[in-house]
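Comments concern the structure below.
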Protein chains: 2
Amino acid sequence: MPTNGAAGRQIGVSLPRLEARAKVTGRAEYTHVMQLPGMVHGKIFRSTVAHGRIQRIDVSAAARIPGVLGVFTGEDIRRVIPDPYYGPAFHDQPILALDKVRFVGEPVAAVVAIDPHIAEAAVAQIVAEYEELPAVYDEVEAMTSKAYVHDKLRPAGSFADLKHLKDVKSTNMAVDARLRRGDVDAAFASAAHVFEHTFHTQKCLHLAFEPFAAIAETRPDHVTVHTSCQGPSFVRFELARLLGLPQNKVRIRIPYVGGGYGSKLYIKLEALVVALSLLVRKPVKIALSMEEQFYQITKHPSTFRIKSGVDKDGRITARKCEVYWNGGAYADVGPRVTHKSGFVASGPYDIDNVWTDSYALYTNLTPAGALRGFGIPQLCWAYESHTDIIARALKLDPVEFRRKNLLHEGKAHASGTVLKDAPLEAVLDRLCERLQWSAPFDRGNGSIRRGRGLALALKAAISPTTSVAMINMSADGSVTLYCSTVDMGQGSDTGLAQVAAEALDVPADSVRVVPRDTDVTPYDMGTLGSRSLFHMGNAIRTAAAEVKAKLAALAREVGEPEGSNIPVAELFQKRYGMQAGNVIGSGAYKPDYQAAKHEIGYSENITPYWMIGGAAVEVEVDTETGHVRIVRVVNVIDCGTPINPRIVETQISGASIMQLGFTMFEKMHLDGGQVTNASLADYKIPGIADVPPAMINETVRNYQQNGPFGAKGAAESATLSLSPAIANAIDDAIGVRLMELPLTPEAVLRALRAKEGAPLDEATN
Amino acid sequence: MPTNGAAGRQIGVSLPRLEARAKVTGRAEYTHVMQLPGMVHGKIFRSTVAHGRIQRIDVSAAARIPGVLGVFTGEDIRRVIPDPYYGPAFHDQPILALDKVRFVGEPVAAVVAIDPHIAEAAVAQIVAEYEELPAVYDEVEAMTSKAYVHDKLRPAGSFADLKHLKDVKSTNMAVDARLRRGDVDAAFASAAHVFEHTFHTQKCLHLAFEPFAAIAETRPDHVTVHTSCQGPSFVRFELARLLGLPQNKVRIRIPYVGGGYGSKLYIKLEALVVALSLLVRKPVKIALSMEEQFYQITKHPSTFRIKSGVDKDGRITARKCEVYWNGGAYADVGPRVTHKSGFVASGPYDIDNVWTDSYALYTNLTPAGALRGFGIPQLCWAYESHTDIIARALKLDPVEFRRKNLLHEGKAHASGTVLKDAPLEAVLDRLCERLQWSAPFDRGNGSIRRGRGLALALKAAISPTTSVAMINMSADGSVTLYCSTVDMGQGSDTGLAQVAAEALDVPADSVRVVPRDTDVTPYDMGTLGSRSLFHMGNAIRTAAAEVKAKLAALAREVGEPEGSNIPVAELFQKRYGMQAGNVIGSGAYKPDYQAAKHEIGYSENITPYWMIGGAAVEVEVDTETGHVRIVRVVNVIDCGTPINPRIVETQISGASIMQLGFTMFEKMHLDGGQVTNASLADYKIPGIADVPPAMINETVRNYQQNGPFGAKGAAESATLSLSPAIANAIDDAIGVRLMELPLTPEAVLRALRAKEGAPLDEATN
């Protein structure tokens, strides 16, 4: 083919990030600090009650403040967006509260002013009165509570097709996702041992360092939104729906994003700024404070009742999973988390009889969505703690027990999908090797006790989803890559540029990746679920193939012999008589997929690839204080071929440290629906001192057959297993089992005291 | 094919302009009023001498003014752009003057300050001293003058290949474009009559209502320029060359443009703002005042010596053309104007023996470039005045004389290219019909005399040039069109959307045309020479064909029968399981072309289509004041199929009114190289009172075989012939012949007095 010069291998190389210079010199553009000429500022007035009927909103004092352009309520929004309900799974969330409020912090009114401080001062002058209604906060109570968060369900998209959701009233259950394989009851009856436990995870949140921010510039027939967002295509689609515009009249622009982790998917502030901009006819920006993030989107708290039957040889014969997902007041993507993760709730094991119910539940709390792992960290917390408890009870080595039950390559998972390119055993082997599982181990003494634990998980990709890529080669041979994958710090621009470069045989650092802009960058389902490298990478390969075919056609047009490797710049010169022209290729990728049937969950192909992540840890527990010191963490994942090994390594360490926070201390404290620690002064996230002194981050050798150059995603895999690995290590050290996250010193101490028969209160009194 | 619903015919329909609402509501974005956060402002210090060696530039007082970030000279520019010479034909123009200045108004230094007023105040504090050098202003004198504007020629691009320009020194002649057909000397010797005249045109300028403006945002490895410009792709290419960057690291963004007319082609302020931005490391904007436009780019003054031999039957047998183009101090696109227009200097006539020399000459004046007609209005001024003088001398009806000599469809033009789809006679017929040429005519009496005149021209397109278009169809079937054609008021967005809509069978007003942005919109040679509708229109058709082929492939993938007309939105839904995906098609168009040989000019194919424009006028001349009143103007052009008849009509009237200014009063007055009327107070352009009371703007029925849906451009055709039509009418009215533009009352009066043997001075004394 026509060539840009033999560039050599562009993948498997730790190219520095393309955006590194712009970021370290402070010249990278972020929505949160963006200024537009003539831009005005919005601030949100929020509900102080968890559930209530709006009786009165008095905005008169706020509206009188000089510099205030307007104060708007839900009814005002309806003047520009008549049906203002949105959501990726259910159309249940109003842009501003209508009639009712459903969680503390819900947006009730918005002030637009020439300055954000004026807007904030005006918000403080708004008075709202509510008739308080009974509220529900716990996901298990929500199943039976008569405090209904919504009067009726509003399923949308594929959920709208689910018959059992039609016209359902008087329920807090948005979705009940079921998987049935074999006969669990019969298997439990004949099992040698049956174990049943209930695990909990807490409410915590993403806390991106760039809080949510969006700016809308609107005309009656065209809308542009600049936003810190992970999914431009969906936001375009959803805004077009809300506004009744075709997609080509809605433009979503995304500069660099300062972290997302699943929080910045779907509509967040975008619909509100658009509505406000239409109302005041100026560009409107809303940028949340760090504190306001506690009222936007969170991670699902969960309750997982898991029951396993084990035969006399230590083989798991049956598993029953009941997972309750606390979705908060609005569904966001919770039903899909519930649905998709439900299919793999039984873990990476080969179990003939599986029964799963996964319930998406409404409560009167901040809505919950996807957070780096799409539910699997919550599930793995339960099933891998449960696995260790069983092994311990049966006096089996936890590794041996796992090996005995592990799903093998080529066998069907409970969902019906066969395990392929999924090296579970290799990951387990590597964990053991790096932690020296078989070597003698110093278990400590006195008040300092030492222990080890590990855990293993698999995750199906969110499927089926589509990515489209476009590549433009200029007349000098330089390459521009267009894709709507959002680089929010994970390094996707660099990795995808490497895929494009490898496919086109050009140097990767010469590939320019244009900023996300739906006017320009084609459709992508979203940057989520570690899907981008695989899906967008495959789309890029198709686009590159089209570019190559068109270059070859150009070469034929100018009479080059078949197989000519005429330099590209020379080819354009020859064809167009000057340095003119472009060659443009595009490619779409959607994996083959067979939907898991709602009732029974059997399918041959629910995921195009499996993600595997394992963690092993070594801890020191201070039995006098309950303090757990993580001495060593080993993270091993499978991402097929690492396209950029250095970026993969930072993805693994980043994921692990993030999950460490969720495991050890992060928790939103709630009091009657009110978050009592909604600030970074009170809500601790991992700091540099929390990073374990020894951290090993590795990938196993693998090649994903259907991936781009053998690759698949790496972003979430190191979040999946860390929490149970630590709990297992604590149990190994001090013989107590924690059933709930986070694993605080207080929880450890309480458990120790409980084991010793002395509750904490007595012990410390 | 898959369908968006039968949209009906989308061409030949006067769709309102897509941008109409944005423009009339003041929401359309223009560079001149654009603000960027952190942006600072540049102002230019200009030469006060026409030709001189720079002795000293003292910027110290300017640099001390608070708010000034820097004062920079040509040498400073070299710190960031080592070889700062640019130009589309010759690389002869420095970003800021180096060593020498070559015209009054040439940029010598630039101030960057936090505010444009501070920058302007600082400019006033700069002191420069020059050693004055002999200067040359007249194009004919420049041929032989020893005052050389440049020490050596710096031809670039295709001009660099011309051997006779290599290492030429001591000349002001940049290009001598020659055409030779037959033997003119022999033909003159045997002619029944030989006529020779010399015509002049004046220096005037484009005067777009949005003066030149550009803003640069730079990083060391990436440059963005927002600019009011007609040719984003060329500016990208040229800036990449100056900066030593690949094209994909240079981004040119063009919002709406407030008029161009050829002035905003190629580098104007763009290189300067980029250099200043690199120097001060901030976004830098320069927006010229209306007055500064007089020092940027102008229309070529010209001298045309035309000599024709006519046989006894009134057939023109030979024509010799010597055209002197006054290009000013830097070549800009002048050599190409000289070259391309030179080939058609002999007019729309069938002449066996033609000899043309067309000279591009440097002088110490503001540079000259293309202005709506690419030199043809200057040529037509001469050859159609000359035609009438001959007819009058031979006592022939001017129309009959033209008919006798007109080039017929299928015959080769002097350049060698055959006339095709070029209805010269139909245009002439229509002019006569609308002016009622054969009807009795009131010739006035007393001091008010009435006359009629007409003229006819043909123009070759600037060829070969390339356009690339891209079309993106979203999952809801909405269409986005990407092309680098710049809508600067001519309505190209609407016309090209109609072509795309017709090709895709969707409603044209649903097609979104994205703003010009080289990151996004593919290569286009430039919006010039009425080339866009034809070239970009053809590229769009190819892109649309690719979209249709890809839609058909999608339909096959989902099992639709061949020829299925499944709605597009349904097709995407079926293929991707949701409203996902895009279909992207691109297309390049470059017409077949055979270069005219430099020496003899014969070629079979120098233009992909011919443009035809004719004008007929009726005037009243006041013989006491010399005032000429244009009573009626008929403009008839051929643009093949009018895609949007209403826009074509406004293009015709706009071109005609613009040319009316150049014909009747516009002139840059010069005194020793100094423009003495450089303001709109002193330089008159047509106002509403100057528009003739009766104006007929029409197209003839035609179909351009190789055009998109039979269309070709319309922007320039009505500029070509108006000037000689008016001069011919004046002669018809009062029997005096004006040889020089503009046709001011003073010129008319002088000519009348001269005819009467009394010069004006005596008559008025």
Side-chain angles (χ1 to χ4, degrees), chain A residues 21-22 25 27 34-38 157-158 219-222 233 236-237 240 245-249 251 464-466 468 470 472 474-480 482 510-512 514-515 517-520 522-525 550 554 575-586 588 590 593 595, chain B residues 21-22 25 27 34-38 157-158 219-222 233 236-237 240 246-249 251 464-466 468 470 472 474-480 482 510-512 514-515 517-520 522-525 543 550 554 575-586 588 590 593 595:
Chain A
R21 182 184 282 265
T25 56
R27 301 183 85 160
M34 249 181 96
Q35 301 291 328
L36 294 184
S158 60
R219 298 201 309 253
D221 61 341
H222 189 260
S233 303
R236 175 161 88 146
F237 164 78
L245 289 175
Q247 289 193 26
N248 65 351
K249 300 292 169 72
R251 177 185 180 203
T465 62
T466 299
V468 185
M470 186 171 83
N472 184 336
S474 293
D476 63 353
S478 61
V479 171
T480 306
Y482 304 78
S510 77
V511 175
R512 173 157 157 68
V514 300
D517 178 343
T518 58
D519 260 12
V520 179
Y523 178 86
D524 177 55
M525 187 264 188
K550 287 182 174 180
L554 269 193
R575 175 64 184 87
Y576 295 117
M578 59 179 96
Q579 224 184 73
N582 299 90
V583 157
I584 297 166
S586 64
K590 184 196 141 204
Y593 178 80
Chain B
R21 181 185 284 264
T25 56
R27 301 182 85 160
M34 249 182 94
Q35 301 291 329
L36 294 183
S158 60
R219 297 200 311 252
D221 62 341
H222 189 260
S233 303
R236 175 160 90 145
F237 165 77
Q247 290 193 27
N248 65 350
K249 300 293 169 68
R251 177 185 181 204
T465 62
T466 301
V468 186
M470 187 171 84
N472 185 336
S474 294
D476 62 354
S478 62
V479 170
T480 307
Y482 304 78
S510 77
V511 175
R512 173 158 156 67
V514 300
D517 177 345
T518 59
D519 261 13
V520 179
Y523 178 86
D524 178 54
M525 186 266 186
K550 288 183 174 179
L554 270 192
R575 174 64 184 85
Y576 296 117
M578 58 181 96
Q579 224 184 72
N582 299 89
V583 157
I584 297 165
S586 64
K590 183 195 140 207
Y593 179 79

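Computed from a predicted model, the values in this text were never measured in an experiment. Quick note on labels: first sequence line is chain A, next is B, and so on, each numbered from 1.
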Once side chain to side chain donor-acceptor pair (under 3.5 Å) is applied, do any residues pair with Ser233(A), and if so which ones, sequence neighbours excluded?
none
Drop me the distance from Thr518(B)'s OG1 to Asn248(B)'s CG, to the nearest 0.5 angstrom.
10.0 Å
Which atoms of Val583(A) are under 4.5 Å from chain B, going by heavy atoms: the side chain, the backbone, both sets, or neither?
neither
Bottom line for Tyr576(B): the part with an atom under 4.5 Å from chain A's heavy atoms is both
May I ask you to check whether over 12 heavy atoms, not counting those of Arg219(A), lie within 6.0 Å of atom CZ?
yes
Within the 3.5 Å criterion, strictly below it, is a donor on Asp476(A) or Ser474(A) matched to an acceptor on the partner's side chain?
no
Less than 4.5 Å to any heavy atom of chain A: does that hold for the side chain of Val520(B), its backbone, both, or neither?
both
Go through the atoms of Pro522(B) and report whether side chain, backbone, both or neither lie under 4.5 Å from a heavy atom of chain A.
both
Assess whether a salt bridge exists between Asp517(A) and Arg251(A), defined as any Lys/Arg side-chain N lying under 4.0 Å from an Asp/Glu carboxylate O.
yes
Pick from Arg575(B), Met525(B), Arg21(B) with the largest number of heavy-atom pairs that fall under 4.5 Å of chain A:
Arg575(B)
Chain A contact via Ser510(B) - which portion, at a heavy-atom distance below 4.5 Å:
backbone
So, using salt bridge (charged side-chain N to carboxylate O under 4.0 Å, His left out) as the criterion, who are the partners of Arg236(B) when residues are at least two apart?
none
Please rank Gly581(B), Ala588(B), Pro515(B) by heavy-atom pairs under 4.5 Å with chain A and give me the top one.
Gly581(B)
